Amino acid sequence: MKKRKKSLEERSYTVGDRVMLGISTLILVLFFIAIMYPLIYATISSFTKGVLPLNLMPKQFTLEGYKACFNYPLLWSGFANSILYTCLGTVIALVVTICCAYPLSIKGLPGSGFMLFICMFTMYFDGGLIPTFLWIKQAGLYNTMWAVILPSALSIYNMLVMRTYFSNSIPHDLKEAADLDGANEITYLLRIVIPLSGPVIAVIALYYASALWNSYFNAMMYLLDLDKMPLANILRNLLITSQNAGSSAATDSMTAAAMEERQDVMKYCVMVIATVPMMVLYPFIQKFFVKGVMIGAVKG
């Protein structure tokens, strides 16, 4: 019986289907190699002296790059700051996004079309760098952690994805039942909408967390104290300091070559250190990722 079912399933694929599946599989494999090869290359290079060959066979194992990175005194404060900015910023961004997306998802809400237009307008036009800098300074946020967190508190794209989920995936009958039971909008949002929106909230949280973890421009523009800098800026300063020290200390060709080799190793170590936390976080949210992406594929 099982063999008969298997043969029927195999017969359902035509020659054209098999060719298309083969081409699709080949394209996906090529994409996988194109994505994974640089990551593997950077990881192995961070433990290798000299230039790593394309065949990924290391010449000599070394931990000098990681020792130099972890002995840098500001690295740990950068880690702590990045964790704080990422966690707090993600929570604030989710609250702001939900508070913006839910009202816009209500059908027949007066002014919702105009507010949606205003939100989408900001996706293409903004005030520019200088007005934003002046606003940050006049608001008293300059050289504080809020200058890193608050400007990134709302992504219009993420808001549209969440609005689409609220509109298309939450049954309207639940709203009518909640109204009959006397629930107001806040009760309906907190007790019904948010518990049913786990997949999209998890995906949007990953988007915000990844953006905040890798963000460096806001900190570079609005922070002065090094002990407030996130990890990305600390690692950037570490590379610049290492390059300047190498150029000033290199008195002969051998010393210059050794310093250049150490800088190359440190460059890859910095990449690995900055990438690992997000790679560790991703598997826990992967089961929600596909569903969340498909939800945002069509925006209504």
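Just so you know, these numbers come straight off a predicted model, no measurement behind them. All heavy atoms count here, side chains included; hydrogens, waters and symmetry mates do not.
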K.L.:
Are the side chain of Thr187 and the backbone of Ala183 linked by a donor-acceptor contact shorter than 3.5 Å?
P.N.:
no
K.L.:
Closer than 3.5 angstrom, by distance alone: can the side chain of Ser46 be matched with the main-chain N or O of Thr43 as a donor-acceptor pair?
P.N.:
yes
K.L.:
Are any of the side-chain heavy atoms of Leu212 and Tyr85 separated by less than 4.5 Å?
P.N.:
no
K.L.:
Does any part of the side chain of Asn214, heavy atoms only, come nearer than 4.5 Å to the side chain of Ser210, both counted from C-beta?
P.N.:
yes
K.L.:
Give, for atom CD1 of Ile194 and atom CD1 of Ile192, the distance between the pair rounded to the nearest 0.5 Å.
P.N.:
11.5 Å
K.L.:
Quick one: do Ile201 and Tyr165 satisfy side-chain contact (heavy atoms from CB on, under 4.5 Å)? Show the steps, please.
P.N.:
CA-CA 10 Å; Ile201 291 177; Tyr165 185 93; over 6 Å; no
K.L.:
Would you check if Phe79 and Ile273 make a side-chain contact, meaning some heavy-atom pair closer than 4.5 Å?
P.N.:
yes
K.L.:
When you group the ILVMFWY residues by side-chain heavy-atom contacts below 4.5 Å and let the links chain together, are Val203 and Val91 in the same group?
P.N.:
no
K.L.:
Indicate yes or no: at least one non-hydrogen side-chain atom of Met279 is less than 4.5 angstrom from one of Leu39.
P.N.:
yes
K.L.:
Would Met145 and Leu223 count as a side-chain contact (heavy atoms from CB on, under 4.5 Å) here? Give the steps.
P.N.:
CA-CA 8 Å; Met145 67 175 183; Leu223 297 182; over 6 Å; no
K.L.:
Cut-off 3.5 Å, side chains only: do Tyr207 and Ser155 have a donor facing an acceptor?
P.N.:
no
K.L.:
Within the supplied structure, the quantity of interest is the number of heavy atoms (other residues, nucleotides, ligands) at a distance under 6.0 Å from Leu180 CG; does it exceed 12?
P.N.:
yes
K.L.:
Decide whether Tyr208 and Thr97 meet the rule of one side-chain donor and one side-chain acceptor closer than 3.5 Å.
P.N.:
yes
K.L.:
Side chains of Asn233 and Phe217, heavy atoms from C-beta outward: is any pair under 4.5 Å?
P.N.:
no
K.L.:
When clusters are formed by joining ILVMFWY residues with side-chain heavy atoms under 4.5 Å apart, either directly or through shared neighbours, do Leu28 and Phe32 land in the same one?
P.N.:
no
K.L.:
Would you say Asp17 and Thr14 are linked by a side-chain donor-acceptor pair, where the criterion is simply a distance under 3.5 Å?
P.N.:
yes
K.L.:
Would you call the rings of Tyr188 and Tyr102 parallel, tilted or perpendicular if under 30° counts as parallel and over 60° as perpendicular?
P.N.:
tilted
K.L.:
Measure the OG1-CD1 distance between Thr144 and Ile149 for me, rounded to the nearest 0.5 Å.
P.N.:
8.5 Å
K.L.:
Considering all heavy atoms of both residues, which atom of Pro195 and which atom of Leu189 are nearest to each other, and what is their separation?
P.N.:
CD-O, 4.3 Å
K.L.:
Could you pull out the closest heavy-atom pair between Asp227 and Asn81, with the gap in Å?
P.N.:
O-ND2, 2.8 Å
K.L.:
Does Leu21 have any side chain to side chain contact (heavy atoms under 4.5 Å, CB included) partners at least two apart in sequence or in another chain, and if so, which?
P.N.:
Tyr13
K.L.:
Closer than 3.5 angstrom, by distance alone: can the side chain of Asp225 be matched with the main-chain N or O of Lys228 as a donor-acceptor pair?
P.N.:
no
K.L.:
Taking the side chain as everything from C-beta on, heavy atoms only, tell me whether Arg236 gets closer than 4.5 Å to Met229.
P.N.:
no
K.L.:
Tell me whether the centres of the aromatic rings in Phe47 and Tyr268 are closer together than 6.0 Å.
P.N.:
no
K.L.:
Less than 4.5 Å apart, side chain to side chain, heavy atoms only: is that true for Leu141 and Trp135?
P.N.:
yes
K.L.:
Mind checking whether Tyr37 and Leu26 sit in one hydrophobic cluster, side chains of I, L, V, M, F, W, Y counted as touching below 4.5 Å?
P.N.:
no
K.L.:
To the nearest 0.5 Å, what is the distance between CG (Leu30) and OG1 (Thr25)?
P.N.:
11.0 Å
K.L.:
Give a yes or no on this: more than 12 heavy atoms of other residues, nucleotides or ligands lie within 6.0 Å of atom CD1 of Ile186.
P.N.:
no
K.L.:
Same cluster for Met220 and Leu226 if Ile/Leu/Val/Met/Phe/Trp/Tyr side chains link at under 4.5 Å?
P.N.:
yes
K.L.:
Counting only heavy atoms not in Tyr216, do more than 12 fall under 6.0 Å of its OH?
P.N.:
no
K.L.:
Of all heavy-atom pairs between Pro38 and Ile33, which one has the smallest distance, and what is that distance?
P.N.:
CD-O, 4.2 Å
K.L.:
What distance separates Cys99 SG from Leu104 CG, expressed to the nearest 0.5 Å?
P.N.:
11.5 Å
K.L.:
Report yes if the side chains of Trp213 and Leu231 come closer than 4.5 Å at any heavy-atom pair, otherwise no.
P.N.:
yes
K.L.:
Which atoms form the tightest heavy-atom contact between Pro230 and Ser215, and what is the distance?
P.N.:
CG-O, 4.1 Å
K.L.:
If every non-hydrogen atom of Asn218 is compared with every non-hydrogen atom of Ser152, which pair is closest and at what distance?
P.N.:
ND2-OG, 3.5 Å
K.L.:
Got a second to check how far Ser105's OG is from Ile98's CD1, nearest 0.5 Å?
P.N.:
11.0 Å
K.L.:
For the pair Met159 and Val96, evaluate side-chain contact (heavy atoms from CB on, under 4.5 Å) and give the outcome as yes or no after the intermediate values.
P.N.:
CA-CA 9 Å; Met159 186 274 292; Val96 174; over 6 Å; no
K.L.:
Decide side-chain contact (heavy atoms from CB on, under 4.5 Å) for Leu116 and Leu160; before the verdict, give the C-alpha distance in whole Å, the side-chain angles of both, and the deciding distance to 0.1 Å.
P.N.:
CA-CA 9 Å; Leu116 184 61; Leu160 292 175; 3.6 Å; yes
K.L.:
For Ala42 versus Val272, what's the shortest heavy-atom pair and its separation?
P.N.:
O-CG2, 4.0 Å
K.L.:
Any chance CE of Met115 has more than 12 other-residue heavy atoms, nucleotides or ligands included, within less than 6.0 Å?
P.N.:
no
K.L.:
Do the side chain of Thr122 and the main chain of Cys119 share a donor and acceptor less than 3.5 angstrom apart?
P.N.:
yes
K.L.:
Ring centroid separation for Phe70 and Trp76, is it under 6.0 angstrom?
P.N.:
yes
K.L.:
Rounded to the nearest 0.5 Å, how far does CD1 of Ile234 lie from OG of Ser77?
P.N.:
5.0 Å
K.L.:
Using the rule that two of Ile, Leu, Val, Met, Phe, Trp, Tyr join whenever any of their side-chain heavy atoms come within less than 4.5 Å, decide whether Phe117 and Tyr157 are in one cluster.
P.N.:
yes
